[in-house]
**Student:** 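Once you've had a glance at the structure underneath, I'll fire off some questions.
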Amino acid sequence: MEPSFPITDPTTESRPRPQPGTARAPADERRRNTPVRVRLGLQRRAQVNLRRHLARAVRRFVVLVIADLTSFYIMRALLRAVRDQAVLGEWLAAEVQAVVPAGILNGWQYAAALFVGLLVLGNYGPGDRRRDVKRLFLACALATSLPLWMTVWTRGLEVVALQYVLTTVLVWVGLVTERLLLDRAIARVEPARRAAVPTLFVGPAEQCHAEARGPAFSSAIENRIVGFVDVHIPPAPDALGHITEFARVLDESEAETVVVCGYLTDVRFHDVVDAALTAGCQVLSVPRAIEIAGVQPTLVWRRQQPLVELSAPTLRGGQLFVKRAMDIIGAAIGLVVLSPLFALIAILVKLDSPGPVWFRQQRVGRGGRRFKIAKFRTMDFDAEQRREELIERSIYSDRRLFKIPDDPRITTLGRWLRQTSLDELPQLLNVLKGDMSLVGPRPPLPSEVELYEAHHYARFDVKPGITGPWQVAGRNEIKDFERVVGLETQYIREWSIWGDLLVLFRTVGVVVRMKGAH
């Protein structure tokens, strides 16, 4: 079927809408800020796309588990009907009883073994893995061997081997039939347009059309083609735009999967992959050299056609869930355990100098969203108004970083709180609220973000943290902003739960030694 690509004017520019209550910026300023706003929009969309990908994976897993267990119990019921109720005759019932006596395929025990076998062999994964006949057979073979292992010593190898083969084949036939019927059942029950993933193609027009007609994407159940982005000048009439406008088109199309077709230059390929991963999209590519993208390739089969899935080695749907769970548990425990210390510090702050106990300041978090960070007040109540007059005394030559060693605004207690980092503890409330994480890049001020270049916005791909790679690598002793961004970008690309735990462990040592604290 010929894919239906909507026809749009590639010269049309989407213009950001002014926020309510703000003055409209001049036209040249809006044009200058468009790439930044588009990137932040993609970062915000990433959260929606990742949740949708995770929801599909969970839904696929649950449906397959239920269908597999149903298939197993149907096979078990058929076996009992033949063996115990002799529905096909007494002779066959006696033969089956001799080979497969009562106790084989014993309810929950074999069901649990079957689940383990399917899970280990990857039969709950995406693409063709759930339909792979060979994988299904190996999973059944593994499942059958688990409960039969002990009977080898009591009944003999020959009898058990025959039981093993018959049980494996019986369950395998049931699973293969179930998996083949499941796709057809879903296609009838669930409307294709609602279940399909919005998919955007990028590459030469002829290649995009060819891939859209190919077996991997021809199924309207799995993919809903929203259009393509052309690399030619001028772009094809039915293209959504030129590749130079890819980030804008991706944002407006609300695609959740991006397919790279044909040849793209290394620079274009990098930009496409970077924007797509920023938006939390699944990235698929017709096999080609991908090492320049700085991402991890995984071979995925779609209806017997090989594709390469490109993914950032960090913070995918399941990892985001684990990281958020760790944040909630860690912040909740921290608030409960440290509540007496909170009360003591609050009293001391109040007695030390006039002003509120809490200091709240606007910072920039994930996707460019602004939020109020919470700290114990360590400065005079008018410190914010005096910041500009002290800017030249900062230990950093780069205005995107700011710190004064002997800041005259800091109170006596505040200096100690900063050296011990106890002033940061109220940010556990920000973590519990969801504005921050325990570990991540430090949240900058809006005035600092205004000076950022394009690659600095990678800091906003994840939630900011109470501590992070900059803090444990040297804190204020690292004065090069590009090195700070490099440390945080490396953390994002190589994220793991063990990496977060290591940063937290190292943070304790840094705080105890008061290393780099001002």
Side-chain angles (χ1 to χ4, degrees), residues 43 294 312-315 323 326-327 330-331 334 359 361-371 373-375 378 391 394-405 407 417-428 430-431 435-518:
Q43 288 175 325
T314 172
L315 298 179
K323 185 172 175 65
M326 186 177 99
D327 287 340
F359 171 71
Q361 187 180 51
Q362 193 171 73
R363 297 292 182 97
V364 181
R366 184 181 182 187
R369 287 192 175 90
R370 299 189 180 189
F371 69 98
I373 197 171
K375 294 185 177 184
T378 59
I391 196 76
S394 174
I395 62 174
Y396 304 109
S397 58
D398 195 319
R399 290 178 64 91
R400 290 167 294 197
L401 297 173
F402 177 76
K403 186 69 67 175
I404 302 175
D407 196 324
L417 289 176
R418 287 195 169 199
Q419 288 176 343
T420 58
S421 297
L422 292 176
D423 62 317
E424 309 281 0
L425 289 180
Q427 290 165 45
L428 291 171
N430 289 114
V431 174
D435 293 327
M436 296 180 65
S437 176
L438 293 176
V439 181
R442 284 299 292 166
L445 294 167
S447 60
E448 296 169 347
V449 176
E450 291 176 359
L451 304 175
Y452 279 14
E453 298 175 23
H455 65 282
H456 297 148
Y457 284 84
R459 303 181 84 190
F460 304 135
D461 285 345
V462 297
K463 291 179 182 178
I466 298 178
T467 185
W470 178 24
Q471 285 71 26
V472 299
R475 216 169 178 180
N476 296 317
E477 294 178 357
I478 299 178
K479 299 179 173 62
D480 183 358
F481 181 67
E482 292 297 338
R483 187 183 172 195
V484 172
V485 174
L487 287 170
E488 294 175 344
T489 302
Q490 182 181 10
Y491 161 78
I492 295 171
R493 290 188 181 278
E494 300 177 357
W495 182 89
S496 69
I497 193 67
W498 303 112
D500 271 11
L501 292 174
L502 179 60
V503 170
L504 291 172
F505 178 77
R506 292 178 63 188
T507 299
V508 175
V510 171
V511 170
V512 170
R513 296 193 306 271
M514 300 184 185
K515 183 180 178 182
H518 293 302

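Values below: every heavy atom of this structure, side chains too, minus hydrogens, waters and symmetry copies.
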**Student:** Could you tell me which non-hydrogen atom of T507 sits nearest to which non-hydrogen atom of V503, and how far apart they are?
**Tutor:**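 The pair with the smallest heavy-atom distance is OG1-O, 2.6 Å.
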
**Student:** Is there a donor-acceptor contact under 3.5 Å from the side chain of S437 to the main chain of G440?
**Tutor:**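 Side chain of S437 to backbone of G440: no pair is present.
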
**Student:** Report the C-alpha separation of F371 and V364 in whole Å, then their side-chain angles, then the decisive distance to 0.1 Å, and conclude whether the side chain to side chain contact (heavy atoms under 4.5 Å, CB included) test is met.
**Tutor:** CA-CA 6 Å; F371 69 98; V364 181; over 6 Å; no

**Student:** Find the distance between NE2 (H456) and CD (E448) and round it off to the nearest 0.5 Å.
**Tutor:**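 One finds 12.5 Å between NE2 of H456 and CD of E448.
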
**Student:** Provide the closest heavy-atom pair for Y491 versus P469 in the form atom of the first, atom of the second, distance.
**Tutor:**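 Residues Y491 and P469, closest heavy atoms: CB-CG, 3.7 Å.
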
**Student:** Can you tell me how far apart CG (L487) and CD (E482) are? Round to the nearest 0.5 Å.
**Tutor:**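 Rounded to the nearest 0.5 Å, the CG-CD separation comes to 11.5 Å.
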
**Student:** Measure from the side-chain N and O atoms of R506 to the backbone N and O of V472, and report whether any donor-acceptor pair falls under 3.5 Å.
**Tutor:**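 Answer holds: yes.
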
**Student:** To the nearest 0.5 Å, tell me how far I373 CD1 sits from Q427 CD.
**Tutor:**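 These two atoms lie 3.5 Å from each other.
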
**Student:** Please report the C-alpha distance between M326 and L504 in whole Å, then the side-chain angles of each, then the deciding distance to 0.1 Å, and finally whether the side chain to side chain contact (heavy atoms under 4.5 Å, CB included) criterion is met.
**Tutor:** CA-CA 12 Å; M326 186 177 99; L504 291 172; 4.1 Å; yes

**Student:** Side chain to side chain donor-acceptor pair (under 3.5 Å) for D423 and T378? Distances and angles first, verdict last.
**Tutor:** CA-CA 7 Å; D423 62 317; T378 59; 4.7 Å; no

**Student:** Measure across L428 and G334 and return the closest heavy-atom pair with its distance rounded to 0.1 Å.
**Tutor:**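 For L428 and G334, the tightest heavy-atom pair comes out as CD1-C, 4.0 Å.
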
**Student:** Is the shortest side-chain heavy-atom distance between M436 and K463 below 4.5 Å?
**Tutor:**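 No, side chains not in contact.
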
**Student:** If only atom types and distance count, is the side chain of N430 paired as donor or acceptor with the main-chain N or O of A374 below 3.5 Å?
**Tutor:**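 A pair under 3.5 Å: yes.
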
**Student:** Nearest 0.5 Å, please: how far is CD1 in I466 from CG in L425?
**Tutor:**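 Separation between the atoms: 8.0 Å.
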
**Student:** Just say parallel, tilted or perpendicular for the rings of Y452 and F481, cut-offs at 30° and 60°.
**Tutor:**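 Ring orientation of Y452 relative to F481: tilted.
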
**Student:** Ion pair present between K323 and D500, side-chain N to carboxylate O less than 4.0 angstrom?
**Tutor:**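 Looking at D500 together with K323, the answer is yes, because their closest N to O distance falls below 4.0 Å.
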
**Student:** Should R442 and P464 count as side-chain neighbours, where that means a heavy-atom distance under 4.5 Å?
**Tutor:**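 Result no, sub-4.5 Å side-chain heavy-atom pair not found.
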
**Student:** Measuring from F505:CZ to W498:CH2, what's the distance to the nearest 0.5 Å?
**Tutor:**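 Reported value, rounded in 0.5 Å steps: 14.0 Å.
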
**Student:** Between D327 (side chain) and L438 (backbone), is there a donor-acceptor pair under 3.5 Å?
**Tutor:**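 Checked: pair present.
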
**Student:** Is a side-chain N or O of R363 found less than 3.5 angstrom from the main chain of P443, in a donor-acceptor match?
**Tutor:**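 Yes, the answer is positive, given that a donor and an acceptor are paired below the 3.5 Å cut-off.
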
**Student:** Is there a donor-acceptor contact under 3.5 Å from the side chain of R459 to the main chain of E488?
**Tutor:**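 Here the side-chain-to-backbone pair does not exist.
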
**Student:** Looking only at non-hydrogen atoms, find the nearest pair between A331 and V431 and report the distance.
**Tutor:**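 Looking at all heavy atoms of both residues, the shortest contact is CB-CG1, 3.8 Å.
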
**Student:** How close do G468 and V439 get, counting heavy atoms only, and between which atoms?
**Tutor:**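 Closest pair (atom of G468, atom of V439, distance): CA-CG1, 4.3 Å.
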
**Student:** For the CG atom of L445 and the CZ atom of R370, what is their distance to the nearest 0.5 Å?
**Tutor:**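 Interatomic distance, L445 CG to R370 CZ, rounded to 0.5 Å: 10.0 Å.
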
**Student:** Check the pair V462 / W495 against side chain to side chain contact (heavy atoms under 4.5 Å, CB included), numbers first and verdict last.
**Tutor:** CA-CA 10 Å; V462 297; W495 182 89; over 6 Å; no

**Student:** Treating T420 as the side-chain partner and L417 as the backbone partner, does any N or O pair qualify as donor plus acceptor under 3.5 Å?
**Tutor:**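 A pair under 3.5 Å: yes.
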
